[in-house]
Amino acid sequence: KSLNDTEIKKDDITKMLVDKIKSRFASLKWVSGKEAYLALSLSDKPKDKTKKIIRDLLLLYSIEYIVRQCEKGQTLYKFPFKAFKETKAGKGWDIEHIDSYTTNDLNNYKDQKDWLSGANIALLRFGDDHKVLIADIDKYVKSGKADESFEELSGKIQKVFGEDANDEETKNGIGNLALLDAGTNRGYGNAVFPSKRAAILNKDAAGEFFPIGTKNVFLKYFDKTGFSTNTWNKEDIKMYRDAIAETLCKFLPGKEN
């Protein structure tokens, strides 16, 4: 009830909440006919402020996604705020890159070996399509030492998974970002997409919590072509970004703003 003891309707409460959220993102104006919020990037300054806005948008996306599913009668669960809040020590939620931002900072043999081993598992899913590349990986791993050929080898692997076409600005954009706990992110580092996907789906199957927006990314939910679960390329980034914009349309500034 309100202060004057009159009953507040559910629709009124919903409208108040929507208006409050809209005011939070009111600064994200349309610029030159384009949605400024879709152009959000971790490269933007001030970085701390931009990072918080993106984090809030990604959290809101997962919440609103569930609300919409409930309204359609397609799901009966609510966003588990308790699970989101009660993370283990050192595992706070943050925004992380889907296609890794860093690609060539593996300077020691152990890190290179771990990265190549994860990529090798993903490549084996293609059957004999990349047997030469797989043989080259095995040869490098068995060499027991790091050398300059790793850069060329990793470049070939990234090309297979469509990650070579994602430039720095694309990687820093909202379409390549998801909410992840620090522990999971540290666990797979800058692995290729299918290695990250396998790690997250395994944890999800074991009962660990991930926001639905993050799960949808690694389930390749936005890829309507069903072309490949092993790649995360510019088209995937666009489809994910468009899904965020469509889901949050009532909260974000319109052209008239």
- Message: For D48, is the CG atom crowded, meaning more than 12 foreign heavy atoms sit under 6.0 Å from it?
- Response: no
- Atom pair CG/CD1 of L153 and I157 - distance to nearest 0.5 Å: 4.5 Å
- Message: Could you check, using the six-membered ring where one of them is a Trp, whether Y221 and Y240 have ring centers closer than 6.0 angstrom?
- Response: no
- Quick one: does T50's side chain get under 4.5 Å of L40's, heavy atoms only? yes
- Message: Surrounding NZ of K220 (heavy atoms of other residues, nucleotides or ligands, distance under 6.0 Å), is the total greater than 12?
- Response: yes
- Message: Is the ring pair F222/Y61 parallel, tilted or perpendicular, if the boundaries are 30 and 60 degrees?
- Response: tilted
- Message: Would you compute the distance between atom NZ of K234 and atom NZ of K171 and round it to the nearest 0.5 angstrom?
- Response: 11.0 Å
- Output the distance between atom CG (L180) and atom NZ (K203), rounded to the nearest 0.5 Å. 9.0 Å
- So, R68 and E246, do they make that salt bridge, N to O below 4.0 Å? yes
- Return the orientation label for the Y140 and F150 ring planes: parallel under 30°, perpendicular over 60°, tilted otherwise. tilted
- Query: So do S62 and F84 actually touch side chain to side chain, heavy atoms under 4.5 Å?
  - Reply: no
- Query: Does a side-chain heavy-atom distance below 4.5 Å link D129 with V160?
  - Reply: no
- Task: Run the numbers on D99 and D236 for side-chain contact (heavy atoms from CB on, under 4.5 Å), then give the verdict.
- Result: CA-CA 11 Å; D99 173 5; D236 292 304; over 6 Å; no
- Task: Indicate the atoms forming the closest heavy-atom contact of A122 with P194, along with that distance.
- Result: CB-CG, 3.5 Å
- Do D147 and Y109 have side chains that get closer than 4.5 Å, going by heavy atoms? no
- Spatial distance of atom CD1 (I21) from atom NZ (K250) [nearest 0.5 Å]: 8.0 Å
- If you group Ile, Leu, Val, Met, Phe, Trp and Tyr by side-chain heavy-atom gaps below 4.5 Å, do M239 and I174 land in one group? yes
- Task: Answer yes when D19 and K15 have at least one side-chain N-carboxylate O distance shorter than 4.0 Å, and no when they do not.
- Result: yes
- Query: Can you list the steps and then say if L248 with F25 is a side-chain contact (heavy atoms from CB on, under 4.5 Å)?
  - Reply: CA-CA 11 Å; L248 299 184; F25 302 115; over 6 Å; no
- Message: I'd like to check I244 versus L58 (side-chain heavy atoms, cut-off strictly below 4.5 Å). Are they in contact?
- Response: yes
- Could you tell me whether a side-chain N or O of T214 sits under 3.5 Å from a main-chain N or O of A178, the two making a donor and an acceptor? no
- Do L219 and F210 belong together in a cluster built from hydrophobic side chains that touch within less than 4.5 Å? no
- Message: Assess the residue pair V217 and R197 against the criterion (side-chain contact (heavy atoms from CB on, under 4.5 Å)); give the C-alpha distance rounded to whole Å, side-chain angles, the decisive distance to 0.1 Å, and a yes or no.
- Response: CA-CA 9 Å; V217 163; R197 181 177 186 272; over 6 Å; no
- Task: Check E151 against S154 and note the closest heavy-atom contact, atom names and distance.
- Result: O-OG, 2.9 Å
- Same cluster (ILVMFWY, side-chain, under 4.5 Å), F81 and L60: yes
- Are L201 and I121 co-members of a hydrophobic cluster defined by side-chain heavy atoms under 4.5 Å apart? no
- Task: Quick one: pull up NZ in K51 and CG in D44 and give me the separation to the nearest 0.5 Å.
- Result: 13.5 Å
- How many angstroms lie between CZ in R55 and CG in L59, if you round to the nearest 0.5 Å? 6.5 Å
- Query: Does I98 reach the side chain of F218, with side-chain heavy atoms less than 4.5 Å apart?
  - Reply: yes
- Verdict with supporting geometry, N120 and D138, side-chain contact (heavy atoms from CB on, under 4.5 Å): CA-CA 9 Å; N120 203 25; D138 288 339; 3.4 Å; yes
- Query: Heavy atoms, side chains only, cut-off 4.5 Å: are I95 and L42 in contact?
  - Reply: yes
- Item | Validation row: N172, H97 side chains within 4.5 angstrom (heavy atoms) | yes
